[in-house]
K.L.:
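The structure that follows is given in the form of structure tokens.
Order of the sequence lines fixes the chain letters, A, B, ..., with proteins taken first and strands second; residue numbering starts at 1 for each chain. What you see is a predicted model; the values in this text were computed from it and never measured.
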Amino acid sequence: MFSMSSSPNRRPSISEMAAARAPVPDTNANYLDGLNPEQRDAVETTEGPLLVLAGAGTGKTRVLTTRLAHIIASKLAWPSQTLTVTFTNKAAREMRERALKLIGDAGEGLRWLGTFHSISAQILRRHAELAGLKSSFTILDTDDVIRLCKQVIEAENIDTKRWTPRHLSSLIDGWKNRALTPAKVPKDEAWQFADGKAIQLYETYQNRLKVLNACDFGDLLIHNITIFQKNPDLLADYHQRFKYILVDEYQDTNVAQYLWLRLLARGSNNICCVGDDDQSIYGWRGAEVDNILRFEKDFPGAKVIRLERNYRSTKHILAAASSVIDFNKGRLGKTLYVGDGEQGNPDAEKVQVRGLWDGEAEARLICDDIESYINKGGQYEDCAILVRASWQMRLFEERLIMLGIPYRVIGGPRFFERAEIRDALAYLRLVRSPDDDLAFERVVNQPKRGVGATTIQKLQTFARADGRSLFTLVPMVLQTDEVKGPAKRGLTTFIDQINLWRDRLNNGMPHHELAQVILDESGYTDMLQKDRSPQSQTRLDNLKELIHALGQFDSLAGFLEHVELVMDVGGQSSGNEVQILTLHAAKGLEWPMVFLPGWEEEVFPSRRSLDESGMKGLEEERRLAYVGITRAREKCAISFVANRMIFGRWQSVLPSRFVDELPHDNVEASSETGYSTMPGADQGFQGTIEDLGERSNYTSPGWRRLKENAGKGSKTGPVIDGKAELIATSSGKSGFKIGQRVHHEKFGYGQVLAADGTKLQVNFKNVGLKKVISTFVTGV
DNA sequence: GATTTAGATATTTTT
DNA sequence: TATCTAAATC
């Protein structure tokens, strides 16, 4: 319907470009139908900088996609002359699909629609030499980066226990988020690591990257920025190219992304940013809410459009969210209201706030709610449980399994971050680029080939001295007697195999077939098949999945590039299942029924957030609360508990301050925390000391002590900190929990240190070394 | 060099 | 509690 006279992939002729400059309003633009006045304004304001403040559920994505479609359909620009940046691959994909749906073939050729990282990688590949790289540079993921940091720290003889590689990598990442190259880092920040060596380490890290012909994620943008700054001609080319810039989730941009956008927008000045300051929840990853707060100053003459009509949630849900977020200072300010009609649904349910005894009771209640919703004809997929931290998920999983309710955990370790997948990819990387030392180190002894740490260290020393890569160095070392025995044999077969695989690839063996061959011939598959741990089958399945995914790409290079930047390929199909996810992962999603458990001080708002970032941290936690509530369409149930087990210890906890910030009129509150004793307090335990037999996990200190003691004929445990530990065996059904306070008629009060359902280890406060417990332990 | 054991450590995670 | 890493032992 909006097809153009010529193929959109063809470069436009001069006259076409001239014609495109004069907007030709399309009177049949029915893609504009159904937009409200503000949305329409946001779509049609095409000149100059524009900030669209889009509250939750106000049609943000629709505006963005329609705007893109509008620009193309009105021939203001060719698809290839628009730059659209998102944060996630998923958002980019959705944007592309929706734009294509609106304008059909005319939208083909949206080459510059993608994530900040994928677009800056594209640009960097074209001009890599200006950053001292080859255009075939590899993009390192977090895992590689940490290993590299470790090497850098060790090279300086710094204790990696006191100063962890993870810490250094997060510092470097933080600087890159702020667009600081080693030279630009404020000198006093050097003291954040290894007694003032931080900046120096950052510098060596960067040098190592250059030698490896590699980039980390932050580099993609930093290199772009420096290239643009040093080469005005080149920047001018891109100014010519990008007539319109669209940015999604602007509140999440960091300094580097902001500078990058500023540089590119200087050409046309047609930059449209869409975002919501109230949904900025990635501050800990370098996002600067300030970017969106400062927009009008940064882009003079900017227009600001607010989208406040919410088409998602009931009035009670919106009132609850607004009430909480209103406690934040320094907002741009918007008030959400029900988009359809004055009141919305008059029968809408109020937001529920419930207090429970402990996490298990909370899980029971929520899962029962889900069950009764299903019994009334609801769908599992309509329900979501949103938690602050992933450790909170376990209780819900256990309960859902018990009830036989299908569920899916969203997020968690991603497909391409799994060890077996990264191993397989490292083999492929090494076959393709022998100089990839990080890949070499990863797989040279995986499966075991007798090449241990000592050998690798030796090789690294030589490689450093020679300025060669490990792979090219090894054949030379093998000529000498520096490496002997199993290590020598292992290295020989390793090198031979890699070379053989490379020949096969060059002789036209399809890459997915090669991947299978590599896994089989290297012994990797064997290793997993022999491994009888419960995860090994999943690992084999994952590898199968990987080979399948490989088959979808034309070339190995194409696949690797894809993998480096698009890490979310794993099985996406979601069936009819209850979803469990973190609040962070929930952004951008919505459900009819949303459960928000764990609203307790220290948990949510999280203690660490407050400790580390104070007021700023608290406000971000509050935005997280806002995001959580606004995910709900019809029903939102918030809950908190009185007792929670955190890191294996029971703690009594207080309701979150956010609970008090909810509006009374829109909330229905109830509490069941009136217990005076722990559940199970009425049950008795008879204590005798026994051999505990085999248990899968004795590694925790409590159980380890317990095991040491078992079967030694000893009647009591060792004295630790002047307190005796006694091991009791349950006489009946266990209702006791780790950390729970118990009472024994002889020994007085104690605390349960370990329990597996039938046996208890109790730490009694006032006891020295004592004998058999033959009497009952009672919960208090 | 591999395996076992002991100890420390613990959010959120778009690329 | 569960997981990861380093030291100790085989």
Side-chain angles (χ1 to χ4, degrees), chain A residues 85-92 114-121 139-142 145 150 159-162 164-166 170 173 176-177 215-221 248-249 252-254 256-257 281-287 386-392 394 411-414 416-417 445 448-456 485-487 490 563-568 581-588 598 602-613 617 620-621 623-624 627 645-650 696-705 707-708 737-739 753-756:
Chain A
V85 247
T86 64
F87 277 86
T88 65
N89 292 297
K90 196 175 148 212
T115 62
F116 277 100
H117 291 89
S118 70
I119 289 173
S120 50
I139 302 166
L140 304 184
D141 68 10
T142 329
V145 166
K150 192 171 177 201
D159 179 16
T160 49
K161 222 167 168 183
R162 169 102 175 72
T164 64
R166 188 177 292 275
S170 83
D173 193 51
K176 288 187 176 174
N177 285 335
C215 259
D216 60 22
F217 286 128
D219 276 346
L220 296 172
L221 279 153
D248 191 17
E249 307 276 22
D252 287 335
T253 49
N254 60 33
Q257 287 155 342
I281 55 174
Y282 284 102
W284 49 274
R285 259 189 143 274
L386 313 185
V387 296
R388 174 66 243 267
S390 39
W391 57 262
Q392 296 171 270
R394 211 195 63 211
R414 286 204 302 279
F416 284 109
E417 282 164 9
N445 203 29
K448 301 268 187 289
R449 291 191 183 84
V451 186
T454 329
T455 312
I456 292 174
V563 161
E564 282 158 354
L565 288 167
V566 186
M567 301 292 265
D568 66 344
L581 56 166
T582 62
L583 286 162
H584 283 91
K587 195 167 80 160
E602 317 262 291
V603 175
F604 184 47
S606 108
R607 203 184 93 133
R608 194 132 151 208
S609 216
L610 267 53
D611 284 354
E612 277 171 14
S613 323
E620 183 155 312
E621 295 286 303
R623 292 193 288 267
L624 214 39
V627 168
M645 185 154 68
I646 299 169
F647 297 138
R649 295 272 154 216
W650 280 92
S696 63
N697 183 5
Y698 276 118
T699 54
S700 66
W703 278 112
R704 211 178 289 151
R705 284 195 297 273
K707 189 193 179 189
E708 274 165 11
K737 295 167 184 175
I738 308 298
L753 285 181
D756 73 348

K.L.:
With a 4.0 Å limit, can you tell me whether A/T142 has a side-chain N or O closer than that to the phosphate oxygens OP1/OP2 of B/dT15?
P.N.:
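Negative; the distance criterion is not met.
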
K.L.:
For B/dT15, does OP1 or OP2 lie under 4.0 Å from any side-chain N or O of A/S118?
P.N.:
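Negative; the distance criterion is not met.
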
K.L.:
Under a 3.5 Å cut-off for both distances, is B/dT12 Watson-Crick or wobble paired, and to whom?
P.N.:
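Here B/dT12 is not engaged in any pair, so there is no nucleotide opposite it.
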
K.L.:
Nearest whole angstrom, please: distance from the P of B/dT11 to the CZ of A/R608.
P.N.:
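Going from A/R608 (CZ) to B/dT11 (P), I get 6 Å.
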
K.L.:
Salt bridge or not between A/K587 and A/D252? Use side-chain N to carboxylate O under 4.0 Å.
P.N.:
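Yes, charged N to carboxylate O under 4.0 Å.
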
K.L.:
Does any donor-acceptor pair link the side chain of A/R388 with the base of B/dT11 at a separation under 3.5 Å?
P.N.:
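Checked by distance alone, the answer is no.
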
K.L.:
Are the ring of A/W284 and the six-membered base ring of B/dT12 within the stacking cut-offs of under 5.5 Å and under 30°?
P.N.:
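The ring of A/W284 is stacked on B/dT12.
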
K.L.:
Is the distance from OP1 or OP2 of B/dT12 to the nearest side-chain N or O of A/S390 less than 4.0 Å?
P.N.:
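Yes, such a contact exists.
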
K.L.:
Suppose we define a pair by two distances each less than 3.5 Å, Watson-Crick or G-U wobble; what does C/dT9 pair with here?
P.N.:
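Its partner is B/dA2 (Watson-Crick or G-U wobble, both distances under 3.5 Å).
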
K.L.:
Whole angstrom is fine here: how far is it from CG in A/D173 over to C1' in B/dT13?
P.N.:
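Taking CG of A/D173 and C1' of B/dT13, I get 11 Å after rounding.
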
K.L.:
In whole Å, what is the span from the CZ atom of A/R449 to the C1' atom of B/dA2?
P.N.:
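After rounding, the gap between these two atoms is 16 Å.
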
K.L.:
On DNA chain B, compare the nucleotides closest to A/A453 and A/T115; which residue's is nearer the 5' end?
P.N.:
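The residue mapped nearer the 5' terminus is A/A453.
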
K.L.:
Would you please confirm or rule out a distance under 4.0 Å between OP1 or OP2 of B/dA2 and any side-chain N or O of A/N445?
P.N.:
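A/N445 to B/dA2 OP1/OP2: side-chain N or O found under 4.0 Å.
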
K.L.:
Just how far, in rounded Å, is C1' of C/dA2 from CH2 of A/W391?
P.N.:
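To the nearest whole Å, that distance equals 14 Å.
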
K.L.:
Given A/F116, which partner from the list A/N254, A/T253, A/T86, A/L220 fulfils the side-chain contact (heavy atoms from CB on, under 4.5 Å) test?
P.N.:
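So the option named by the test is A/T253.
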
K.L.:
For B/dT15, take OP1 and OP2 only and decide whether either is under 4.0 Å from a side-chain N or O of A/N89.
P.N.:
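It does, given that an N or O in the side chain of A/N89 lies less than 4.0 Å from OP1 or OP2 of B/dT15.
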
K.L.:
Step through it carefully: locate the ring centre of A/H117, locate the ring centre of A/F87, and say whether they are under 6.0 Å apart.
P.N.:
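No, too far apart.
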
